[in-house]
Amino acid sequence: MLKTHYCGELNKSLQGKQVTLAGWVDRRRDHGELIFIDLRDRTGIAQVVFNPQISKQCHEIAGQVRNEFVLKVTGEVALRPSGTENLKLPSGEIEVIVREVEILNASKTPPFYINEDSEVDENVRLKYRYLDLRRQRMLNNIILRDKVVQFFRDFLHKKGFLEIETPILIKSTPEGARDYLVPSRLYPGSFYALPQSPQQLKQLLMIAGMEKYFQIAKCFRDEDSRADRQPEHTQLDIEMSFVEEEDILKLMEELFTKMVETVKPEKRVITPFPRLSYKEAMEDYGSDKPDLRFEMKMHDLTDIAGKTQFAVFQKVIADGGSVKGVCAGGCANYTRTQLEELNKFVQSYGAGGLLTFALGGGGDIEHLTLDMVKSVAAKYMTLEQIQEIARRCGAKPGDLILAVAGKTKVVNKALGELRKEMGTRLGLADPNLLAFAFILNFPLFAWSEENKKWEPEHHPFVEPWDEDKPILEKDPGKVRAHCYDIVCNGYELASGSIRIHNPELQRRIFRFLGYKDEEVQEKFGGFLDAFEYGAPPHGGIAPGIDRIMMILSGSPTIRDVMAFPKNQNAVDMMLEAPSPVRKEQLKELHIRLSDD
RNA sequence: GGCCUGUUGGUGCAGCGGUUUAGCAUAUCUCCCUGUCACGGAGAAGAUCGCGGGUUCGAAUCCCGCACAGGUCGCCA
């Protein structure tokens, strides 16, 4: 090794020892005679001092050094002169008096600051990702990620899981996201697909008798990116045999609770994790991934609205829509401009507009009078109706009720987003709280307006509830699934289900979904055959590691917790991928490009 | 594909129709400096204001188109 110690591990106990450090110049402070250099490596920063009276030669070299030069220095660890200690640095009580220095490599001036956490255009950061990763915040994220993954591995191994790799070149499946395809050289016109998840493979591992499987699995989806979505991401993929829904939930609760205790003990977790049905989540928060760090529930006001003379309400209700509201505490004094901003906000999610009731004055809601209420709808409503709305929303004078009327789906989306927005504006979400929750009782099927048929809400291998099996074909919308999500702070962190292991039931589901037998055989044949050979009851789940990291590290995007992410347009700015390939490569793959 | 926002020296920002020779901070370069730690001081250099049109006596500034980026809707079993 070119070094005897790491910068971050230097402290008083090494006083008088000779050490050799190697790392990057974080900062240089040149006082003409004395030169101080903050030498940085993965573990931290150590101040090294160049004194011409100790070594004239070293001092001269230090004079030529610039930021990000790679240095090897040897010298004695010494206590800093009294009064010059730097308490901000872990190694701030000591410094290294340099007697030998070697420039291992020079560096160009970096295109952005490495040594401070300033905003930099993300494209520049991504192009020079290797420099971006030198920055403290990025390094911390990478180190935290390592700890988390290490924890998962240890935890699951202790629970008797086997870590098993599954192939990356697999078969394209018809449903779900768009596949990334890989052309086959040996079979003209045929393609492999990259896994959207190792779903079928992990189920086959259960049939193979592995009983408890996990994998840190790369998953690929050729869909548009988002702040929390990338073309490729990593899942902690888990599958177990002989389990019921409750077993998986218990395991996950322990996994996440202990993970946070281990890697981020300063974060608060509420146990047991709250359990919400999908229906409750949608009704109370307008989302299947509610941010439960604060309450501010949505309340259904449709029945009260129906009794008013307000035409907007009448029309919406006649069309089968709903009216819902939330209470923004203490916001009655919002200005016209602020309200207009919120109005625009809900409109951007497709709502017709935002209806507000500002409840002026003080006291309690029983003493409210009409002239204390500011709302365009007030003149079409009685005081009693407004009071009823206020009571239902839990509003008191001084509060602002925000209501949206329209199609139920739009109302949920728009008001749900507004709820989150108000939570942010009012600082309701405790930044140290990780509000985990299970979302349960998903419907097995959802009606597709687009395709005019029932489609699996999750995927076609999900086990329906036993008591709902009789009505599977008769009342498909009512069939509940053994499907569960884990949400945290407004993100979907994991999704899983108990799978169908009975081939007869599986065939029945496919028949119901409108697949012809040949079609099923062609698309899932190899997979389904396996179920004829003693498939154990099994189920699993797959937490998204990148999203976990986003939340744990407080990062605004998934890109900040991945070493080498792609930008929103799925381009790797550093490697410049994707890129055209040579004609011969295409020819070998039997691919000809079309002109359009 | 739609919508919103942004694009000004290396980086981050200001300027939003006319003394702006485009300003500030920081980085860079030169010189000075023995206790700094976001060291300090003096000076210098560095920008066809994303691209292309248009409006105007005059455009970084207003309008249109395009490109790129971010956010989002659709999409993501």
Side-chain angles (χ1 to χ4, degrees), chain A residues 26-40 45-54 59 63 66-68 78 80-89 91-92 95 97 108-128 131-132 135 173-179 196-197 199-200 219-231 233 344-345 347-351 410 413-414 417 421 442 444-446 448 450-451 454-462 481 483 492 495 497 513 523-524 542 544 556-557 559 567-569 571 573:
Chain A
D26 195 62
R27 231 178 259 281
R28 187 180 63 118
R29 291 178 294 280
D30 187 341
H31 288 230
E33 291 295 301
L34 274 188
I35 295 174
F36 300 98
I37 285 179
D38 289 341
L39 197 65
R40 182 192 71 236
I45 279 174
Q47 172 166 283
V48 299
V49 188
F50 296 82
N51 187 332
Q53 286 168 4
I54 304 279
H59 180 266
R66 294 294 178 269
N67 281 356
E68 300 310 313
R80 294 193 187 187
S82 169
T84 66
E85 300 88 350
N86 183 357
L87 299 176
K88 282 185 267 179
L89 275 186
S91 64
E95 61 193 1
I97 313 296
K108 292 211 253 181
T109 301
F112 51 85
Y113 306 103
I114 309 296
N115 53 19
E116 58 181 76
D117 187 24
S118 50
E119 286 294 310
V120 179
D121 182 79
E122 213 182 346
N123 254 3
V124 180
R125 287 174 53 199
L126 290 177
K127 179 172 177 191
Y128 298 97
L131 297 180
D132 192 32
R135 309 210 305 169
T173 45
E175 287 179 78
R178 199 176 293 114
D179 282 321
Q196 295 178 27
S197 77
Q199 182 62 40
Q200 293 186 24
C219 304
F220 306 85
R221 293 173 190 184
D222 188 3
E223 299 290 350
D224 290 352
S225 299
R226 286 287 184 280
D228 64 349
R229 255 164 48 191
Q230 278 270 304
H233 73 285
K344 286 232 173 69
F345 183 86
Q347 283 177 338
S348 74
Y349 289 98
V410 174
K413 179 72 188 168
E417 292 295 333
E421 171 70 15
F442 282 85
L444 189 65
F445 304 113
S448 164
E450 194 189 336
N451 300 325
W454 290 98
E455 291 181 348
E457 173 78 20
H458 194 54
H459 59 66
F461 311 115
V462 176
C483 218
E492 180 193 308
S495 195
S497 60
L513 292 171
K523 284 168 178 161
F524 304 104
T557 91
R559 298 183 293 278
N567 71 9
Q568 189 169 68
N569 296 312
V571 172
M573 296 298 289

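Just so it is clear: chains get the letters A, B, ... in the order the sequence lines come, proteins before strands, and each one is counted from 1. Every value quoted in this text rests on a predicted model; they were computed, and no experiment measured them.
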For [N] and [M], measure between their [atom1] atoms and round to the nearest Å.
N     : M     : atom1 : answer
B:C24 : B:A42 : P     : 14 Å
B:A27 : B:U11 : C1'   : 7 Å
B:U5  : B:C66 : P     : 16 Å
B:G71 : B:U28 : P     : 31 Å
B:A38 : B:G52 : P     : 44 Å
B:U26 : B:G43 : P     : 14 Å
B:G41 : B:C57 : C1'   : 47 Å
B:C73 : B:U21 : P     : 46 Å

Within a reach of under 6.0 Å around NZ of A:Lys523, are more than 12 heavy atoms found that belong to other residues, nucleotides or ligands? yes
Name the pairing partner of [N], where a pair is Watson-Crick or G-U wobble with both distances under 3.5 Å, or state none.
N     : result
B:U20 : none
B:G6  : B:C68
B:U48 : none
B:U56 : none
B:U30 : B:A42

Base, backbone or nothing for each nucleotide of nucleotides 34-47 of chain B, written B, S, -, heavy atoms under 4.0 angstrom, 5' to 3'? BBBBSB--------
At under 4.0 Å between heavy atoms, which parts of nucleotides 70-75 of chain B does protein reach? Answer with one letter per nucleotide, 5' to 3': B base, S sugar-phosphate only, - none. BBSBBB
Testing the basics here: between A:Arg135 and A:Ser118, what is the closest heavy-atom pair and its distance to 0.1 Å? NH2-O, 3.2 Å
Tell me the closest heavy-atom pair linking A:Asn115 and A:Asp26, and the distance in Å. ND2-O, 2.8 Å
Any side-chain heavy atom of [X] within less than 4.5 Å of one from [Y]?
X        : Y        : result
A:Glu95  : A:Thr84  : no
A:Phe36  : A:His31  : yes
A:Leu444 : A:Trp454 : no
A:Thr173 : A:Gln200 : yes

Identify, with sequence neighbours excluded, every residue that meets side-chain contact (heavy atoms from CB on, under 4.5 Å) alongside A:Asp30. A:Arg28, A:Ile35
Test for a donor-acceptor pair under 3.5 Å between the base of B:G10 and the side chain of A:Tyr113, counting only N and O atoms. yes
Could you say whether A:Phe461 or A:Thr109 is positioned toward the 5' end of RNA chain B, judged by the nucleotide with the nearest heavy atom to each?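 Counting from the 5' end, the first nearest nucleotide belongs to A:Thr109.
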With A:Phe442, which of A:Ser495, A:Cys483, A:Ser497 fulfils side chain to side chain contact (heavy atoms under 4.5 Å, CB included)? A:Cys483
For A:Ser497, report the nucleic acid contact type (base, sugar-phosphate, nothing); a contact means any heavy atom under 4.0 Å. nothing
Which whole-number value in Å describes the distance from A:Ile114 CD1 to B:G12 C1'?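 Taking CD1 of A:Ile114 and C1' of B:G12, I get 15 Å after rounding.
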Atom pair distance, as rounded to whole Å: NZ in A:Lys127 and P in B:A69: 13 Å
Would A:Arg80 and A:Asn86 count as a side chain to side chain contact (heavy atoms under 4.5 Å, CB included) here? Give the steps. CA-CA 9 Å; A:Arg80 294 193 187 187; A:Asn86 183 357; 3.5 Å; yes
